[in-house]
Every structure is written in structure tokens, then in C-alpha cells.
Engineer: 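Take a look at the following structure, please.
Values below: all heavy atoms of this structure, side chains included; hydrogens, waters and symmetry mates excluded.
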Amino acid sequence: MEHKLLIYNTLTRTKQIFKPLKEPYVGMYVCGPTVYGDGHLGHARPAITFDILFRFLTHLGYKVRYVRNITDVGHLEHDADEGEDKIAKKARLEQKEPMEVVQYYLNRYHSAMEKLGVLPPSIEPHASGHIIEQIDFVKKILDAGYAYESEGSIYFDVKKYNKDHRYGKLSGRNIEDLLETTRELDGQSEKHCALDFALWKKAQPEHIMRWPSPWSDGFPGWHMECSAMGTKYLGEEFDIHGGGMDLIFPHHECEIAQSTAALGKETVHYWMHNNMITINGQKMGKSLGNFITLDEFFTGNHKLLTQAYAPMTIRFFILQAHYRSTVDFSNEALVAAEKGFARLCESYARLQKLTPSKETSMEMKNYRQLCEDAMLDDLNTPIVISHLYDATRIINTVADGKATISEADLKELKEVFDLYLIEILGMRVEENSGAANDAYKGAVDLLLEIRKQAKTNKDWATSDKIRDELARLGFKVKDTKDGFEWSL
RNA sequence: GGUUCCUUGGAUGAGUGGCUUAGUCAGCGGUCUGCAAAACCGUGUACAGCAGUUCGAAUCUGCUAGGAACCUCCA
């Protein structure tokens with residue numbers, strides 16, 4: 001590949017040139033949701049961030065295998081070792097089969113992602129479907145001597161591991177500090193050290209989700225699934241592992257330790273983490289209870305929302321910030337994103353109708369190059385968007401009849417918009433089509449044709465009546481140089 | 001307390017050691033228009049504070065203040 005794609009690697013805390021293990025193949029693993037509740041705005045961030053990466057890598061010519069897991073087992077409340085399984089708890093509360101809960105929220109997650117324009121990953125493995133692989137992985141760690149059995153459960157021996165490798169390299173911690181700050185938790189007598197984490201947990205008698213293993217009937221520890229499934233589908237070494245920043249510790253740290261212990265080598269080459277979405281300067285999250293679900297955004301049905309927001313508004317809002325910055329949610333910011341995106345859409349529509357002239361009378365920058373440069377610099381989507389706005393000015397000026405554009409430049413602009421706005425940023429701008437839609441569009445057009453006629457006759461009463469009545473119904477009518485435009 | 005990071009104009013949000021310090025939204029002025037809307041043009045004392053490095057820093061270093069994330073489940 002010719003390009004130089006820079007990716008910020010959490011492991012080195014620097015931007016690095018991206019070099020896949022085996023060109024043109026790229027393996028990419030991203031931590032997906034735990035399906036025990038509706039997805040909220042925070043869940044949209046990694047989904048969209050890595051969707052952009054997936055799209056851009058594909059555009060660059062890579063053959064990407066994108067794995068995004070579904071956590072449907074082994075994820076415990078409160079404390080990683082003693083809490084109740086999240087899925088099981090929800091199932092108990094709702095009197096459902098655990099897998100019924102999983103399916104319900106997974107369906108809703110998929111639906112929300114589809115609305116947000118997030119492409120489905122290549123593989124979407126479930127933790128519950130890979131118990132055997134996880135047990136095998138635990139065995140490897142036991143064989144390597146970095147884990148021990150205690151009361152039917154298997155724990156990772158962090159101290160031993162830290163002698164041979166460095167535990168904490170991703171999050172910049174060392175175990176001495178960790179030991180000092182680790183809280184005393186109940187029921188840790190099984191563990192040799194407070195830092196040790198469960199690889200396999202023996203199930204209590206009342207625990208519904210359980211599988212047989214050489215050690216006990218139980219279930220895998222939380223971090224296990226990513227190590228097992230990531231290496232199963234992408235190999236013992238692969239290129240990119242992504243997720244939210246809040247997963248750096250302990251989740252990704254433990255993953256590194258597990259994989260290194262079991263395989264004797266580093267599995268992941270580039271660790272990428274998206275920043276958080278905040279609300280009033282604070283992280284939006286489940287534990288803080290300050291989250292707004294995606295459906296609530298789509299319907300406007302939440303007390304903090306002054307209106308409903310289209311999925312594309314949410315996507316645009318997220319893309320207007322760099323993925324490693326926090327984004328603060330507010331109605332004002334979302335409304336601004338909504339208006340800004342609407343303007344971009346209108347220009348895109350105008351672009352399709354522009355008539356070319358002999359030459360271009362405005363300065364045309366090399367937008368294709370500018371956009372690509374921005375994307376190559378650690379996926380700088382806000383810059384890409386700013387270049388598109390720059391091009392928008394040309395489109396609108398030409399549409400106003402105040403400038404001209406050559407056929408070649410027009411073609412280039414169309415291609416750049418299709419490539420960056422639609423294909424890479426993944427924004428949907430097309431209007432709904434269909435027979436019913438076409439019929440009603442024709443009707444509105446007809447009304448406005450009549451209005452145009454009235455205007456020619458200086459019949460302002462009729463022309464204003466049509467415009468005002470349409471406005472009352474929610475249509476926005478805009479007069480142009482030689483006709484009209486309208487939108488809802 | 002430890003680790004990591006942040007602080008940019010009315011709101012949001014990029015960015016680089018010096019070239020015009022993006023863009024969006026809002027505001028103001030103008031052009032256009034029968035009027036309006038849209039569009040276009042113009043406009044904004046912005047880079048937390050202090051000190052240092054430098055010919056030059058908002059961008060590098062140090063200190064101070066404020067804030068955040070992680071250290072427990074979290075995207």
C-alpha cells in the first residue's frame with residue numbers, strides 16, 4: 001500500500017504508521033456490547049468509530065476481517081468475581097430465559113446500529129457460543145503455569161506473570177501501586193492475590209448459566225472471551241484491537257496478560273480506544289445512570305431531550321469530533337449538528353443537479369487529497385467534514401448562478417462527496433423513494449409550479465397562499481434563480 | 001493517593017513552533033429577492049494562569065488553578 005495511515009496506539013501512546021501483519025489482510029477486533037439493556041449514546045461511539053476505520057481500511061484496498069463480539073455470559077455485576085451475572089440477573093428480573101434476554105436486546109442493538117449506518121462486522125461471535133474455546137484457552141494458561149485452581153475456579157496469577165512480563169503495560173500501571181489501591185472485597189479468600197482475576201468461575205447452585213469444565217460446572221471469566229474469540233478468528237497475532245477507553249483497565253490489560261501467558265507472545269499490534277461521551281462534563285455511563293438510550297434519541301422521549309434526533313444527526317454529531325476527544329452531549333450541540341448536516345445534504349442534492357460550464361470560476365482545491373490526508377492522520381473526521389463544507393460553498397455559489405464549474409470539476413466533486421460523505425463517513429443523504437413518495441413529491445411540485453406561474457403574473461396573493469399553506473404543513477419552500485426547492 | 005489525559009471565541013470543535021489560528025451552530029451587517037426563506041459576501045478582543053526555552057509559542061518545558069477518565073461493572 002502506498003499510503004501512510006497513522007494510527008494512535010494506546011500501547012505506545014504515539015501515532016504509528018499502520019503496517020498490517022500480512023498485507024492486504026487486516027484483522028480487527030472490537031469489544032461489542034453486553035446485551036442486557038438498550039444501547040445508549042455511549043455505545044454508538046465505538047460502533048461508529050470503528051465502522052469508519054472498517055470503511056476506510058476497505059477503501060484503502062485492505063481485505064478486512066472485522067470481528068465484534070457479543071458478550072452474553074460471564075459479565076458480572078459489581079465485582080468481577082462475586083457479583084451476579086448481568087444476563088442472568090436481567091433474566092431473573094424479567095422471568096425470562098437468559099438467551100431470551102440476549103436475543104431481545106441483541107435485536108434492538110442491531111436495529112439501532114442499522115439506523116446509525118453502522119455496517120455489520122464480518123463476524124459477530126457470542127461468548128456463549130465459544131465456551132469450548134475459552135476452556136481450551138484457560139487450559140493453555142494453566143499449562144504455562146500462570147494460573148491456579150481454587151475451589152473449582154481458575155484464577156490468573158498476576159504476580160507470577162509480572163515476574164516474566166509486565167502486567168500494566170497498556171494502562172501504565174505497576175502492580176505495587178495497584179496492590180496499594182485495590183479495595184478489599186468480600187469473598188476473595190479463593191484468590192492468592194487481590195489482583196488475580198477469574199478465568200473460570202464455579203457456578204453457585206442457583207446460577208442458571210453454567211457449563212461443564214474439567215474444574216467445575218461454571219462459566220468463563222469476563223476477559224476470557226475476547227482472548228479466545230479474537231485469536232480463534234484472527235490468529236494468535238492480529239493487527240487492531242479496539243474498544244472504549246474505559247476498557248483499557250482492567251479488561252484489555254487482562255486480555256494482554258492472558259494471551260501472552262497462553263501463547264507466549266503479544267497478540268495485538270495496535271490498540272485503539274475511543275474516548276467517552278460526556279453529559280455535563282461527566283461520562284455518560286450505565287453505572288452513573290446518566291445515559292440516554294439510542295431509541296430515546298430517535299423518539300425524543302426523554303426528559304433531557306427537547307426534541308427527537310434522527311440517527312444520522314447522532315452519527316454526524318459523533319463524527320464532528322475526533323474519536324480520541326470527549327464529546328459533550330447537549331441539545332444545543334445536537335441541534336447544531338442537525339442543522340449543519342441538513343445544509344450538507346441540501347448541497348449534496350444541489351450538486352446532483354448542477355449544470356457544467358466550460359470552466360470553473362472558483363478556486364477548486366484538491367478535496368480528494370485533503371480528505372484522504374485527514375483520514376490518514378488517525379481518522380480525523382472533523383477535518384474531512386470541514387473540507388466538505390468548503391466544497392459546499394462552491395456548489396451553492398454555482399447553484400446560485402454566481403459562478404461556473406467545469407464538467408471535470410463537477411465530476412470530481414460528485415465523486416469526492418460520494419466517496420467521503422457517503423462511503424467513508426457512512427452518512428445517508430438519499431431521500432426515500434417509492435411510488436407513494438414519488439406521487440406526493442409530484443403533487444408538491446405541481447403546487448409549486450402553479451405558484452411559479454402566479455409569481456410570473458405577479459399574483460402575490462396566490463403565490464404567498466401556496467407557500468404559507470405548505471409551510472403550515474411543514475414544508476420549507478426556497479426560491480432559486482430559475483425555480484424552486486422544497487424540503488420537509 | 002496512584003496512573004493517564006484535558007482546559008481554544010456566545011455554543012460546539014479542529015489544528016500547527018512563524019504563512020489566512022479550521023469548520024459547524026448562533027449573533028450582527030450586507031448582496032440577492034415582489035416579500036420571505038435559502039444561498040453568497042463581510043464580521044467576532046478565543047487558545048486556563050504564571051514563568052521559562054526560542055529570533056518567534058496558543059503549539060515545547062516547568063509550576064499553579066480547574067476538570068475528566070481509570071484504579072469496581074462500564075463503550
Engineer: Respond yes when some side-chain nitrogen or oxygen of A/Lys339 is under 4.0 Å from OP1 or OP2 of B/rU24, and no when none is.
Structural biologist: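 For A/Lys339, the contact criterion (side-chain N or O under 4.0 Å from OP1 or OP2 of B/rU24) is not met.
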Engineer: Kindly indicate whether the side chain of A/Arg173 and the base of B/rC70 share any N or O donor-acceptor pair separated by less than 3.5 Å?
Structural biologist: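 Indeed, a donor on one side and an acceptor on the other fall under 3.5 Å apart.
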Engineer: Protein-nucleotides 30-33 of chain B N/O pairs closer than 3.5 Å?
Structural biologist:
none

Engineer: Checking all strands, does A/Val327 fall into the base, sugar-phosphate, or nothing category for heavy-atom contacts under 4.0 angstrom?
Structural biologist: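 Sugar-phosphate, no base atom in range.
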Engineer: First locate atom CG of A/Leu413, then atom OH of A/Tyr367, and finally report the distance between them rounded to the nearest 0.5 Å.
Structural biologist: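 One gets 7.5 Å once the value is rounded to the nearest 0.5 Å.
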Engineer: For the residue pair A/Tyr233 and A/His130, is the inter-centroid distance of their aromatic rings smaller than 6.0 Å?
Structural biologist: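 Yes, they do, as the ring centres are separated by less than 6.0 Å.
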Engineer: Please work out if A/Leu344 contacts a base, only the sugar-phosphate, or nothing of the nucleic acid, heavy-atom cut-off 4.0 Å.
Structural biologist: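 No contact at all - A/Leu344 keeps every heavy atom at 4.0 Å or more from the nucleic acid.
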Engineer: Please classify the nucleic acid contact of A/Gln282 as base, sugar-phosphate, or nothing, using heavy-atom distances under 4.0 Å.
Structural biologist: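 Result for A/Gln282 = sugar-phosphate.
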Engineer: Answer with yes or no whether A/Ser325 presents, from its side chain, a donor or acceptor under 3.5 Å of a partner atom in the base of B/rG13.
Structural biologist: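 Under the 3.5 Å cut-off, the side chain and the base do not form any donor-acceptor pair.
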Engineer: Check the distance between B/rA11's P and A/Glu332's CD and give it to me in whole angstrom.
Structural biologist: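 Distance, rounded to whole Å: 8 Å.
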Engineer: Less than 6.0 angstrom from the centroid, inside 45 degrees of the normal: does A/Arg324 satisfy that with respect to the ring of A/Tyr8?
Structural biologist: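 That pair qualifies as a cation-pi contact.
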Engineer: Can you tell me how the ring of A/Tyr348 sits relative to the ring of A/Phe417, calling it parallel under 30°, perpendicular over 60° and tilted otherwise?
Structural biologist: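 The arrangement is tilted - the two ring planes meet at 30° to 60°.
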Engineer: Just by distance, no angles: are the side chains of A/Ser171 and A/Glu253 close enough, under 3.5 Å, to form a donor-acceptor pair?
Structural biologist: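 Present: a donor and an acceptor within the cut-off.
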Engineer: Are A/Tyr155 and A/Phe197 close enough that their ring centers fall under 6.0 Å?
Structural biologist: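 Here the rings of A/Phe197 and A/Tyr155 have centres that are no less than 6.0 Å from each other.
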Engineer: Less than 3.5 Å between a donor and an acceptor, one on the side chain of A/Arg467 and one on the base of B/rA36, is that the case here?
Structural biologist: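 Counting by modelled atom types and ignoring angles, a donor-acceptor contact under 3.5 Å is found here.
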Engineer: Tell me whether the NZ or CZ atom of A/Arg173 lies within the 45° cone about the ring axis of A/Phe249 and under 6.0 Å from its centre.
Structural biologist: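 Flagged: A/Arg173 positioned over aromatic ring of A/Phe249.
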Engineer: Which string of ( ) [ ] | and . matches RNA chain B, if you list each base 5' to 3' and count Watson-Crick or G-U pairs only when both distances are under 3.5 Å?
Structural biologist: (((((((..(((.....[....))).(((((.......)))))....(((((..]....))))))))))))....
Engineer: With a 4.0 Å cut-off on heavy atoms, is A/Met276 in touch with a base, just the backbone sugar-phosphate, or nothing at all?
Structural biologist: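 Since a base atom lies under 4.0 Å of A/Met276, the category is base.
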Engineer: Go through the N and O atoms of the side chain of A/Asp390 and the base of B/rG23, and report whether any donor-acceptor pair is under 3.5 Å.
Structural biologist: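 Check fails, no donor-acceptor contact within cut-off.
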Engineer: Evaluate the ring planes of A/Phe329 and A/Phe297, with Trp represented by its six-membered ring, and classify them as parallel (under 30°), tilted (30 to 60°) or perpendicular (over 60°).
Structural biologist: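 A/Phe329 and A/Phe297: perpendicular rings.
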Engineer: Kindly state whether the ring of A/His241 and the ring of A/Tyr270 have centres lying under 6.0 angstrom apart.
Structural biologist: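 Ring-ring flag for A/His241/A/Tyr270: false, centres at least 6.0 Å apart.
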